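In this text, all values refer to a predicted model and were calculated from it rather than measured experimentally.
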Amino acid sequence: MIFIAYLFLLAGMALLLPTRGRVLQENECSPGILRLGILALAGIAIGYLYTKTGATGAKLFIGMLVIGILLIVAEVDALTQTIPNVVHIPLVICGLVYLIEVRGFRAGWLDGLLGMLVIALPLLAISMVIPGAFGGGDIKLVGAWGLLLGWKCNLVAFLIAVLSGGVYCIYLLAFKKKDRKAKFAFGPFLVIGAITALLYGEQIIAWYFDNFFSFYY
């Protein structure tokens with residue numbers, strides 16, 4: 001089963017290879033075969049951590065597929081500041097299958113729906129008030145995987161993305177790599193948050209409530 005799960009991870013990466021090649025070519029970026037190999041090794045390492053969370057069956061296979069997809073999304077956005085629209089379709093499909101096969105549609109549909117909206121709607125509102133604050137690809141990405149993560153884990157994912165992105169921004173400013181008005185790709189940090197939430201979201205939520213709200217019960 002574990003071997004098959006790793007095949008799903010690699011299949012997730014392979015699914016986006018044509019799109020990856022096209023977008024990199026349009027932005028005059030190297031296809032980076034070595035970089036792709038490093039991504040695959042990183043995916044296998046992350047996949048190993050995911051197997052240690054106790055995920056089995058459909059949960060394991062879907063999670064691995066999503067991890068593979070997200071790794072390619074992170075690489076493409078880091079190099080081109082572009083998240084192609086096509087990547088959202090497999091994420092939504094994975095979310096739907098996860099909702100039906102793992103959670104049960106009747107028990108999980110509301111959590112999935114809220115997961116799609118809880119981050120995406122505020123980001124859309126902010127972008128309407130402050131044009132360019134968030135890219136359309138970022139907004140659609142957090143909505144697409146929200147169906148799988150649910151609203152609580154999507155909040156965890158976005159918080160981790162903001163914190164890791166903030167640390168990177170401080171680094172850029174401290175070492176004068178960019179000025180205050182410069183833009184950088186937020187997609188890789190969103191992916192860091194999503195993968196972390198996929199692996200450990202429930203544990204992070206439990207830890208938070210145990211340490212900060214334990215006096216209520």
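- Listed by first and then second residue, the side-chain hydrogen bond (donor to acceptor under 3.5 Å, both in side chains) pairs that reach into residues 4-26 are Arg20-Glu75, Arg22-Glu26, sequence neighbours excluded.
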Got a list of side-chain donor-acceptor pairs under 3.5 Å for residues 45-66, not counting sequence neighbours?
| unit_1 | atom_1 | unit_2 | atom_2 | d |
| --- | --- | --- | --- | --- |
| Tyr50 | OH | Lys59 | O | 3.0 |
| Thr51 | OG1 | Tyr48 | O | 2.5 |
| Thr53 | OG1 | Tyr50 | O | 2.6 |

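- The side chain to side chain contact (heavy atoms under 4.5 Å, CB included) test with Phe158 is passed by exactly one of Leu163, Leu149, Ile119: Ile119.
- Between Met128 and Pro131, the shortest heavy-atom contact is O-CD, 4.5 Å.
- Under a hydrophobic clustering in which Ile, Leu, Val, Met, Phe, Trp and Tyr are joined whenever their side-chain heavy atoms come within less than 4.5 Å, directly or via other members, Ile44 and Ile67 fall into the same cluster.
- Under the 4.5 Å side-chain heavy-atom criterion for grouping Ile, Leu, Val, Met, Phe, Trp and Tyr, Leu9 is connected to Leu39 within one hydrophobic cluster.
- Looking only at distances, no side-chain donor or acceptor of Asp138 sits under 3.5 Å from a matching main-chain atom of Phe134.
- Atom CD1 of Ile83 sits about 9.0 Å away from atom NZ of Lys140, to the nearest 0.5 Å.
- Asn154 places no side-chain N or O within donor-acceptor distance of the main-chain N or O of Val118, the cut-off being under 3.5 Å.
- Under the 4.5 Å side-chain heavy-atom criterion for grouping Ile, Leu, Val, Met, Phe, Trp and Tyr, Ile72 is not connected to Ile38 through any hydrophobic cluster.
- Using a 4.5 Å cut-off on side-chain heavy atoms (C-beta onward), Leu79 and Leu24 make contact.
- Ring-plane geometry between Phe189 and Phe184 is classed as perpendicular, the angle between the planes exceeding 60 degrees on a 0 to 90 degree scale with a lower cut at 30.
- Checked options Leu147, Asp111, Leu148; the residue passing with Leu99 is Leu147 (criterion: side chain to side chain contact (heavy atoms under 4.5 Å, CB included)).
- Closest approach of Val76 and Pro84 over heavy atoms only: CG1-CD, 4.3 Å.
- Between the NE2 atom of His88 and the CH2 atom of Trp145 there is a distance of 9.0 Å, given to the nearest 0.5 Å.
- Shown here for Pro188 and Ala78, the closest heavy-atom pair between the two residues is CG-CB, 3.8 Å.
- Between the side chain of Thr80 and the backbone N or O of Thr82 there is at least one donor-acceptor pair closer than 3.5 Å.
- Between Val23 and Asn27, the shortest heavy-atom distance links the atoms O-ND2, 2.8 Å.
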Leu198 vs Cys153, test: side-chain contact (heavy atoms from CB on, under 4.5 Å). Steps then yes/no.
CA-CA 8 Å; Leu198 182 65; Cys153 282; over 6 Å; no

Using the rule given for side-chain contact (heavy atoms from CB on, under 4.5 Å), can you reason through Met13 versus Ile69, listing the C-alpha separation, both sets of side-chain angles and the distance that settles it, and then say yes or no?
CA-CA 5 Å; Met13 297 181 68; Ile69 292 170; over 6 Å; no

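- When hydrophobic clusters are built by joining Ile, Leu, Val, Met, Phe, Trp and Tyr residues whose side-chain heavy atoms come closer than 4.5 Å, directly or via intermediates, Trp151 is grouped together with Leu190.
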I would like to know whether Val167 and Tyr171 meet side-chain contact (heavy atoms from CB on, under 4.5 Å); could you show each step before the answer?
CA-CA 6 Å; Val167 170; Tyr171 160 77; 5.7 Å; no

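- Residues Ala157 and Ala197 come closest through the heavy atom pair CB-CB, 3.8 Å.
- Note: Leu155 CG to Tyr208 OH = 10.5 Å, rounded to the nearest 0.5 Å.
- The backbone N or O of Val73 lies less than 3.5 Å from no partner atom in the side chain of Asp77, so there is not a single donor-acceptor pair.
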